[in-house]
Structures are given as C-alpha cells and as structure tokens.
Amino acid sequence: QVQLVESGGGLVQAGGSLRLSCAASGLTFSSYAMGWFRQAPGKEREFVASINWRAISTYYADSVKGRFTISRDNAKNTVYLQMNSLEPEDTAVYYCASGRTKFYSGNARDYTYWGQGTQVTVSS
C-alpha cells in the first residue's frame, strides 16, 4: 500500500520560511518523479513544483520560482519543499504526489498517488 505523508506545515509571518517534507512508502520511490501541489480555499488545486527521479531536473510554477526549492533524498524516500519569502497568497493546503513516470510534470493527471496534505498559513 502506497503512503505519502506530508509534514512541516504551520503558521508563519509573511517573509518567513517553512520546509515541507513528504515521506513515501510502498513504492519504488527512486523510480518516479515527485511533485508538490497546493489548494487554497475556494480555488482549484494548482501545481507548485516537480522533480525528476534522479533529482537532476526540476520545474516550478511561475508564482513560486526563485522562492521555493524542491529536492529529494532517494535514500530516505523523502521529497522536500523549501519555501522562502512566503507571502499571504501562499496560504493553502500543500500536497505531495508521486508521478506516473520518471519525468517531472506540472499536470496533476501525471501523478498517481497523493498525500493527505499539510496546511500552510502565511499571515500578513
């Protein structure tokens, strides 16, 4: 049974930082791309960042480029999202997801399994 468990969310002031983690089990983690998505209240889920299976290539939404960094540790079956210079507009539930292939993607349809999400709230 595949499980993705996010952690690291919380309340932070604008301009602050948070680091999200997503621990995976039940799949060959190193064989798949991983991604982060988010969903704000009343809005659709949107892509945030993705990383390929070997952590060589990454891909970001324009709204977070230069502020967020995705990384992974295949030995620990964990993917991370370092979020700096947070803005109130970053407030959302953040989800990690495992890809259907080795290659990064910004399309939610290219992801198979999803975590339960972790809340990030940025106060102004």
Side-chain angles (χ1 to χ4, degrees):
Q1 181 181 0
V2 175
Q3 282 195 312
L4 301 176
V5 180
E6 302 98 335
S7 61
L11 173 64
V12 64
Q13 289 189 331
S17 298
L18 283 175
R19 188 194 195 203
L20 305 183
S21 300
C22 172
S25 60
L27 78 166
T28 307
F29 180 79
S30 60
S31 294
Y32 300 100
M34 295 295 294
W36 286 95
F37 290 75
R38 67 187 182 186
Q39 187 167 19
K43 295 188 176 181
E44 294 187 353
R45 188 174 299 190
E46 66 173 0
F47 168 73
V48 175
S50 181
I51 187 167
N52 76 345
W53 61 306
R54 293 172 64 184
I56 293 175
S57 300
T58 57
Y59 177 50
Y60 297 93
D62 287 343
S63 59
V64 306
K65 203 173 295 183
R67 300 187 299 121
F68 291 11
T69 302
I70 188 171
S71 61
R72 66 189 295 165
D73 185 338
N74 287 345
K76 295 182 178 180
N77 287 2
T78 302
V79 62
Y80 305 96
L81 186 68
Q82 177 67 43
M83 306 186 294
N84 298 330
S85 302
L86 283 161
E87 304 167 353
E89 293 74 23
D90 296 317
T91 295
V93 177
Y94 283 71
Y95 301 89
C96 72
S98 60
R100 297 184 188 277
T101 73
K102 298 177 179 180
F103 307 105
Y104 64 68
S105 171
N107 190 331
R109 293 190 181 93
D110 292 330
Y111 293 84
T112 309
Y113 298 103
W114 295 78
Q116 83 290 348
T118 185
Q119 177 71 47
V120 171
T121 303
V122 184
S123 63
S124 57

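Computed over heavy atoms, backbone and side chain alike; hydrogens, waters and symmetry mates excluded.
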Problem set entry | Heavy-atom check, side chain of Thr69 versus side chain of Leu81, under 4.5 Å | no

For this session: Drop me the distance from Thr78's OG1 to Met34's CE, to the nearest 0.5 angstrom.
Result: 9.0 Å

Exercise. For Asp62, which residues count as a side chain to side chain donor-acceptor pair (under 3.5 Å) partner, sequence neighbours excluded?
Worked result: Lys65

Exercise. Between atom OG of Ser57 and atom CD1 of Ile70, what is the distance when rounded to the nearest 0.5 Å?
Worked result: 12.0 Å

Problem set entry | Gln82 side-chain N/O to Phe68 backbone N/O, donor-acceptor pair under 3.5 Å | no

Problem set entry | Minimal non-hydrogen separation, Trp53 against Asn74, with atom names | O-ND2, 3.1 Å

Exercise. Mind checking what makes side-chain contact (heavy atoms from CB on, under 4.5 Å) contact with Gln119, not counting sequence neighbours?
Worked result: Thr91, Val93, Thr121

Problem set entry | Between CG on residue Asn77 and CG on residue Leu4, distance to nearest 0.5 Å | 10.0 Å

For this session: Work out which heavy atom in Arg72 is nearest to a heavy atom in Asn52; give both atom names and the distance.
Result: NH1-O, 3.0 Å

Exercise. Any side-chain heavy atom of Val120 within less than 4.5 Å of one from Leu20?
Worked result: yes

Exercise. Can you tell me how far the CG atom of Asp90 sits from the CE atom of Met83, to the nearest 0.5 Å?
Worked result: 7.5 Å

Exercise. Where the side chain of Gln39 meets the backbone of Glu46, is there a donor-acceptor pair that is under 3.5 Å apart?
Worked result: no

Exercise. Hey, are the side chains of Glu6 and Val79 touching, using non-hydrogen atoms and a 4.5 Å cut-off?
Worked result: no

Problem set entry | Distance in Å, Asp110 CG paired with Arg100 CZ, rounded so as to fall on 0.5 Å steps | 7.5 Å

For this session: Quick one: list whatever passes ring-ring contact (aromatic ring centres under 6.0 Å, His included) with Tyr60, sequence neighbours left out.
Result: none

Exercise. Within a strict 4.5 Å, meaning less than it, do heavy atoms of the Arg67 and Glu87 side chains meet?
Worked result: yes

Exercise. Taking only residues at least two apart or on different chains, which pairs with a member in residues 10-33 satisfy side chain to side chain donor-acceptor pair (under 3.5 Å)?
Worked result: Ser17-Asn84

Exercise. Which pair of heavy atoms, one from Ser124 and one from Pro88, lies closest together, and at what distance?
Worked result: CB-CG, 3.8 Å

Exercise. If you look at every heavy atom in Leu86 and Val12, which pair is closest and at what distance?
Worked result: CD1-CG1, 3.6 Å

For this session: Using the ring pair (Phe, Tyr, Trp, His ring centres under 6.0 Å) rule, collect all pairs that involve residues 79-108, keeping only residues at least two apart or in two chains.
Result: Tyr59-Tyr104

Seminar exercise, completed: When rounded to the nearest 0.5 Å, the distance separating OG of Ser98 from CZ of Phe29 is 9.0 Å

Exercise. Has the side chain of Ser50 got a donor or acceptor atom that lies under 3.5 Å from a matching backbone atom of Gly35?
Worked result: no

Exercise. With Trp114, which residues qualify under ring-ring contact (aromatic ring centres under 6.0 Å, His included), at least two apart?
Worked result: Phe37

Exercise. After noting the C-alpha distance and the side-chain angles of Trp36 and Cys22, does the key distance pass the side-chain contact (heavy atoms from CB on, under 4.5 Å) rule?
Worked result: CA-CA 9 Å; Trp36 286 95; Cys22 172; 3.8 Å; yes

